[in-house]
Q: 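One structure, pasted below without further comment.
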Amino acid sequence: EPEVTQTPSHQVTQMGQEVILRCVPISNHLYFYWYRQILGQKVEFLVSFYNNEISEKSEIFDDQFSVERPDGSNFTLKIRSTKLEDSAMYFCASGGANEQYFGPGTRLTVT
Amino acid sequence: AQSVTQLGSHVSVSEGALVLLRCNYSSSVPPYLFWYVQYPNQGLQLLLKYTTGATLVKGINGFEAEFKKSETSFHLTKPSAHMSDAAEYFCAVSDYNAGNMLTFGGGTRLMVKP
């Protein structure tokens, strides 16, 4: 059964560094998403991506964040100048218009 | 704006007992509603969804949920709990006018006692 994959599973970085989180969505899906879950808190929407552009973003998704689909398979989330409060589990999802399938997540730890 | 409220951050049932996890939502448009399950150290797995049509929807692992518009609810049930059902359950509503973003509830941790 096809699934969304994410790499790395765990990323440790120092404050101020840039990180790139990678996702391979399910191949025939057209919509791509990033969410995050700070430990003990709700899952929060970051951004949705369709037809090679951002279709919606939350107020969390400021200039520090960017997304890219550099080729036909990968979907990346870049976080510039990481802060301690960026520590969270980051989930990629892909799907059609009315369902989303999530990857296993990348745990980002900013020290 | 949409919102989701899950009553009870922790629910404990005995093995074989009924599972009832509550979810209420608010939405300015007809909602698409979802339940996801998260096992420890894993991602979110889609249990079931409601978009249109039949208001009682069946999902994987014997779970089902009923959309009740008048009560703005989408409660998740399972007739008989199994030890393997122990996990965190999230209710979510989709905003198809806003890039299909999912708004999640706070989650309910289900514990199953032997």
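Residue numbers start from 1 in every chain, and the chains themselves are labelled A, B, ... in the order their sequence lines are given, proteins ahead of strands.
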Q: Please check if A/Val110 and A/Leu39 belong to a single hydrophobic cluster, counting links between Ile, Leu, Val, Met, Phe, Trp and Tyr side chain heavy atoms closer than 4.5 Å.
A: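 No: no chain of side-chain contacts under 4.5 Å links A/Val110 to A/Leu39.
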
Q: In this structure, are over 12 heavy atoms from other groups packed under 6.0 Å from A/Arg69 atom CZ?
A: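 Count over threshold, so yes.
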
Q: Let me confirm one number: the CG-CD distance from B/Asp95 to A/Glu56, rounded to the nearest 0.5 Å.
A: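 Rounded to the nearest 0.5 Å, the CG-CD separation comes to 7.5 Å.
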
Q: Check whether B/Leu46 gets within reach of chain A through its side chain, its backbone, both or neither, counting any heavy atom under 4.5 Å.
A: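 Answer is side chain: those atoms of B/Leu46 sit under 4.5 Å from chain A.
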
Q: With a 4.5 angstrom heavy-atom cut-off, which part of B/Gln45 approaches chain A: side chain, backbone, both or neither?
A: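 Interface part for B/Gln45: neither.
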
Q: Quick check: closest heavy atoms across B/Leu44 and A/Phe102, and the distance to 0.1 Å?
A: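 Closest pair (atom of B/Leu44, atom of A/Phe102, distance): O-CB, 3.4 Å.
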
Q: What residue in B/Ala92, B/Gly107, B/Gly106 has the most heavy-atom pairs under 4.5 Å with chain A?
A: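 If we count pairs closer than 4.5 Å to chain A, B/Gly106 comes out on top.
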
Q: Linking I/L/V/M/F/W/Y whenever their side-chain heavy atoms sit closer than 4.5 Å, directly or via other members, would B/Val93 and B/Trp35 fall into one cluster?
A: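 Result: yes, single cluster for both.
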
Q: Taking B/Tyr32 for its side chain and A/Glu99 for its backbone only, find out whether a donor-acceptor pair lies under 3.5 Å.
A: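 Not at all, since once roles are kept as given, no pair shorter than 3.5 Å links the two residues.
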
Q: For atom CE of B/Met111, is the number of surrounding heavy atoms from other residues, nucleotides or ligands below 6.0 Å larger than 12?
A: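 Atom CE in B/Met111 is crowded, with more than 12 foreign heavy atoms closer than 6.0 Å.
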
Q: Considering only heavy atoms, which portion of A/Gln37 lies under 4.5 Å from any heavy atom of chain B: side chain, backbone, both, or neither?
A: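 The answer is the side chain of A/Gln37.
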
Q: Report yes or no: do A/Val4 and A/Val67 belong to one cluster of Ile/Leu/Val/Met/Phe/Trp/Tyr joined by side chain heavy-atom distances under 4.5 Å?
A: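 Each belongs to a different hydrophobic cluster.
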
Q: Test of understanding: clusters of I, L, V, M, F, W, Y form through side-chain heavy atoms closer than 4.5 Å, transitively. Do B/Val37 and B/Leu18 belong to the same one?
A: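 They do not share one cluster, since no chain of ILVMFWY contacts under 4.5 Å joins B/Val37 to B/Leu18.
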
Q: Rounded to the nearest 0.5 Å, what separates atom CG in A/Asn98 from atom CG in B/Leu33?
A: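 CG of B/Leu33 is found 12.0 Å from CG of A/Asn98.
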
Q: Can you tell if the side chain of A/Tyr33 reaches within under 4.5 Å of the side chain of B/Asn100, non-hydrogen atoms only?
A: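 Yes. Closest side-chain heavy atoms under 4.5 Å.
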
Q: Report the option among A/Tyr101, A/Tyr35, A/Tyr50 that has the most heavy-atom pairs separated by less than 4.5 Å from atoms of chain B.
A: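 The answer is A/Tyr35.
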
Q: Taking everything shown except B/Lys49 itself, do over 12 heavy atoms lie less than 6.0 Å from its NZ?
A: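 Yes, enclosed.
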
Q: Is there a path of hydrophobic side-chain contacts, each under 4.5 Å between heavy atoms of I/L/V/M/F/W/Y residues, joining A/Val24 to A/Phe75?
A: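 Hydrophobic grouping puts A/Phe75 apart from A/Val24.
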
Q: Rounded to the nearest 0.5 Å, how far does CD of B/Gln38 lie from CZ of A/Phe91?
A: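 Result: 4.5 Å between the selected atoms.
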
Q: Is any side-chain heavy atom of B/Phe104 less than 4.5 Å from a side-chain heavy atom of A/Phe45?
A: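 Result no, sub-4.5 Å side-chain heavy-atom pair not found.
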
